[in-house]
Amino acid sequence: MTGTLPAAWISGADGDLIRADAIVVLRLDRTGRLTAQLRDEAKVSVTLLEGAPGGGHPPADFHRELARMIAEAAASGSAQLISARHVDGAWRWVSEPL
């Protein structure tokens, strides 16, 4: 399959895995909830991160950071799993090989 990018998958809030190339819109609302609208006729939205009062809100550009992480994962040459982590009082995206 020459010319295809390696798969990047994102871990959803409920444990589902979402293929990154299926996402067409990322939304981060004021509560800290991050949703992804999928590329399909029904325009299904999936929650990637719930706004957590005890865990603090992710930064305002957290959805942009995810887009950047997806691009980096695609350039890595191997399938990657991307997930949000709250570590030392800050939110960040981490990736690991599948």
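All residue numbers refer to positions in the sequence shown, counting from 1. What you see below is based on every heavy atom in this structure, not just the backbone, and it leaves out hydrogens, waters and symmetry mates.
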Is any side-chain heavy atom of Leu81 closer than 4.5 Å to one of Ser95?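 Result no, sub-4.5 Å side-chain heavy-atom pair not found.
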Looking only at heavy atoms, which two atoms of Ala73 and Ala8 are closest? And how far apart?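 It is CB-CB, 4.1 Å.
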How close do Ala60 and His63 get, counting heavy atoms only, and between which atoms?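 In terms of heavy atoms, the two residues are closest at O-CE1, 3.2 Å.
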Test your reading of the model: is there a side-chain donor-acceptor pair from Arg39 to the backbone of Asp21, 3.5 Å cut-off?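 Yes, because the side chain of Arg39 sits within donor-acceptor range (under 3.5 Å) of the backbone of Asp21.
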Heavy-atom closest pair, residues Ile10 and Ala20: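 Taking Ile10 first and Ala20 second, the nearest heavy atoms are CD1-CB, 4.1 Å.
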To check you understand the geometry: which heavy-atom pair defines the closest contact between Leu17 and Ser11, and what is its length?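 The pair with the smallest heavy-atom distance is CD2-CA, 4.0 Å.
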To the nearest 0.5 Å, what is the distance between CD on Gln80 and CD on Glu72?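 Separation between the atoms: 10.0 Å.
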Do the side chains of Val87 and Val94 get nearer than 4.5 Å, heavy atoms only?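 Heavy-atom side-chain distance check fails, nothing below 4.5 Å.
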Determine whether the side chains of Thr35 and Arg33 contain a donor N or O and an acceptor N or O closer than 3.5 Å.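 No, no side-chain donor-acceptor contact under 3.5 Å.
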Residues which pass side-chain contact (heavy atoms from CB on, under 4.5 Å) with Glu65, listed by chain and number, not counting sequence neighbours: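 Applying side-chain contact (heavy atoms from CB on, under 4.5 Å) to Glu65 gives Pro59, Asp61, Phe62, Arg68, Trp93.
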Can you tell me if Thr47 uses its side chain to pair, donor with acceptor, with the backbone of Leu49 under 3.5 Å?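 Between the backbone of Leu49 and the side chain of Thr47 there is no qualifying donor-acceptor contact (under 3.5 Å).
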Beyond-backbone contact of Trp9 with Ile82, side-chain heavy atoms, under 4.5 angstrom: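 The answer is no; the side chains never approach within 4.5 Å.
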Should Leu98 and Leu66 be counted in the same cluster of Ile, Leu, Val, Met, Phe, Trp and Tyr side chains packed under 4.5 Å apart?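 No, it is not one cluster - the side chains of Leu98 and Leu66 are not joined through contacts under 4.5 Å.
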If every non-hydrogen atom of Arg30 is compared with every non-hydrogen atom of His57, which pair is closest and at what distance?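 Closest approach of Arg30 to His57, heavy atoms only: O-CE1, 3.5 Å.
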Locate the shortest heavy-atom distance separating Leu26 from Ile23; write the atom from each residue and the value.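 Nearest pair, atom of Leu26 first, then Ile23: CD2-CG2, 3.9 Å.
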